[in-house]
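In what follows, a structure is listed as structure tokens, so that the remarks can point back to it.
Count residues from 1 along the sequence.
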Amino acid sequence: MARHGGGRSWYGKTVGAALGVTMLAVGASVWTAQAGSVSESSPKPAVSATPGGAVTPVDVTIVHASDAGARGVNITIDDGPDPTWTPQVLDLLREYGVKATFCVTGTQAQAHPDLVKEVVAAGHRLCNHSVSHDTAMDRKPEAYQSKEILDAERMIVEASGGVRSMYYRAPGGAFTPYSRKLAASHGMRPLGWNVDTKDFERPGTDAIVATVERELPNGPTLLFHDAGGDRSQTVEALRRVLPWLKEQGYAFGFPVR
């Protein structure tokens with residue numbers, strides 16, 4: 001999820017995560033993967049998350065593009081799963097025939113493995129969102145970053161029944177060259193966003209919808225949340241945004257890998 005100045009007490013109480021203030025910069029015209037140099041030390045290959053499972057490394061650049069083409073959009077849902085809001089989001093996605101990418105935290109996956117399995121069973125993709133949602137991860141040692149990412153992946157794989165994450169989204173966009181390379185070496189494409197709906201701040205359903213309509217020209221990857229507090233505005237916004245996107249001729253896809 002995007003970093004915000006407040007409203008982090010849920011994660012603080014849950015996992016004691018540190019706060020950060022740096023934001024991921026996403027260009028207004030970025031529709032394809034964002035390139036970047038990787039100059040920090042390279043991560044060493046690790047044991048695969050599931051016994052005997054092969055891991056194919058992917059590109060280290062932060063992806064925004066959709067595999068649905070020029071009129072494709074990617075719906076991404078962060079911070080869950082949550083027993084109140086995730087089922088409602090899943091119901092809406094099913095109603096409109098939309099597949100999404102769920103960026104789940106290790107702690108939430110471990111707490112609600114049944115919901116992780118529901119996400120997978122419905123044909124959606126998983127994205128690693130770290131263990132504790134520490135938005136200051138980019139200021140922490142590499143060993144800490146590694147533990148947050150790899151421990152989360154272990155938790156997610158266990159919760160899903162063996163399904164790996166296809167992407168890694170740094171909390172608050174707190175990527176580092178090291179974390180990107182580590183994730184990519186474990187088959188998780190670093191995932192950015194183009195449209196931050198600001199739904200985490202609960203600005204009102206109308207404001208969330210207006211943000212999508214206004215900022216969609218920035219690129220195809222939309223950021224919503226299904227945990228971290230009252231997400232009723234998000235649910236209602238999705239109820240309006242999903243059919244509107246279809247009416248505008250957009251196709252729903254996944255971020256490219």
*Hey, are the side chains of T61 and P190 touching, using non-hydrogen atoms and a 4.5 Å cut-off?*
no
*Measure across G72 and P220 and return the closest heavy-atom pair with its distance rounded to 0.1 Å.*
O-CB, 3.2 Å
*Heavy-atom check, side chain of T197 versus side chain of T234, under 4.5 Å*: no
*Any chance NZ of K147 has more than 12 other-residue heavy atoms, nucleotides or ligands included, within less than 6.0 Å?*
no
*Trace of the side-chain contact (heavy atoms from CB on, under 4.5 Å) decision for Y144 with M137*: CA-CA 8 Å; Y144 176 88; M137 272 181 63; 3.9 Å; yes
*Salt-bridge test for D91 and R94: reply yes if a basic N is under 4.0 Å from a carboxylate O, no otherwise.*
yes
*Does Q145 reach the side chain of L182, with side-chain heavy atoms less than 4.5 Å apart?*
no
_E148 vs S132 side-chain heavy atoms within contact, under 4.5 Å_ = yes
*What is the minimum heavy-atom distance between L191 and C103, and which atoms define it?*
CD2-SG, 4.1 Å
*Test L245 against I75 for side-chain contact (heavy atoms from CB on, under 4.5 Å), laying out the working first.*
CA-CA 11 Å; L245 288 168; I75 302 297; 4.2 Å; yes
*May I ask whether L93 and I208 are part of the same hydrophobic cluster, defined by side-chain heavy atoms of I, L, V, M, F, W, Y residues being less than 4.5 angstrom apart, directly or through others?*
yes
*Euclidean distance, H129 NE2 relative to Y168 OH, rounded to 0.5 Å*: 8.5 Å
*Taking atom types as modelled, is there a side-chain donor on H225 or D199 under 3.5 Å from an acceptor on the other?*
yes
*asked:* Contact between V195 and L223 at the side-chain level, heavy atoms closer than 4.5 Å - yes or no?
replied: no
*asked:* Ignoring hydrogens and geometry beyond distance, is a side-chain donor-acceptor pair present between S232 and D230 at under 3.5 Å?
replied: yes
_Is the shortest side-chain heavy-atom distance between T86 and I77 below 4.5 Å?_
no
_Could you tell me if the side chain of R189 sits less than 4.5 Å from the side chain of D59, heavy atoms only?_
yes
*Which residues satisfy the side-chain hydrogen bond (donor to acceptor under 3.5 Å, both in side chains) test with R240, sequence neighbours excluded?*
D206
*asked:* Which residues pass the side-chain hydrogen bond (donor to acceptor under 3.5 Å, both in side chains) test with T101, not counting sequence neighbours?
replied: none
*Could you walk me through whether R239 and E236 pass the salt bridge (Lys or Arg N to Asp or Glu O under 4.0 Å) test, one step at a time?*
CA-CA 5 Å; R239 196 184 306 279; E236 291 309 308; 3.3 Å; yes
*Take R257 and V63, measure what side-chain contact (heavy atoms from CB on, under 4.5 Å) needs, and give me the verdict at the end.*
CA-CA 8 Å; R257 297 183 74 245; V63 67; over 6 Å; no
*Using the six-membered ring of F175, assess whether NZ or CZ of R180 lies under 6.0 Å from its centre and within 45 degrees of the ring axis.*
no
*List in chain and number order the residues that pass ring-ring contact (aromatic ring centres under 6.0 Å, His included) with H124, two or more places apart in sequence or in another chain; answer none if no residue qualifies.*
F102
*Which atom names give the shortest non-hydrogen contact between G80 and D226, and what distance separates them?*
N-OD1, 3.0 Å
*Do the numbers put R231 on top of the ring of F200, so that NZ or CZ is under 6.0 Å from the six-membered ring centre and no more than 45° off the axis?*
yes
*Side-chain contact, heavy-atom cut-off 4.5 Å: F224 with V212?*
yes
*Can you see which heavy atom on S185 is nearest to which on V55, and at what distance?*
O-CG1, 3.7 Å
*Write down the atom of P87, the atom of D82, and the distance for their closest heavy-atom approach.*
CD-O, 3.3 Å
_Please give me the minimum heavy-atom distance between N128 and M188, naming the atom from each residue._
CB-SD, 3.6 Å
*Within 45° cone of Y250 ring axis and under 6.0 Å: R71 NZ or CZ*: yes
*Can W85 be reached from V241 by stepping across I, L, V, M, F, W or Y side chains whose heavy atoms are under 4.5 Å apart?*
yes
*Is L126 reachable from L115 through a run of I, L, V, M, F, W or Y residues, each pair having side-chain heavy atoms under 4.5 Å apart?*
no
*Judged by modelled atom types alone, do N74 and T76 share a side-chain donor-acceptor pair under 3.5 Å?*
no
_Verify same cluster id: V119, F252 (apolar side-chain graph, 4.5 Å)_ = yes
*Are V256 and F254 connected, step by step, through hydrophobic side chains (Ile, Leu, Val, Met, Phe, Trp, Tyr) whose heavy atoms are closer than 4.5 Å?*
yes
*How far does CG of N194 sit from CG of L216, to the nearest 0.5 angstrom?*
9.0 Å
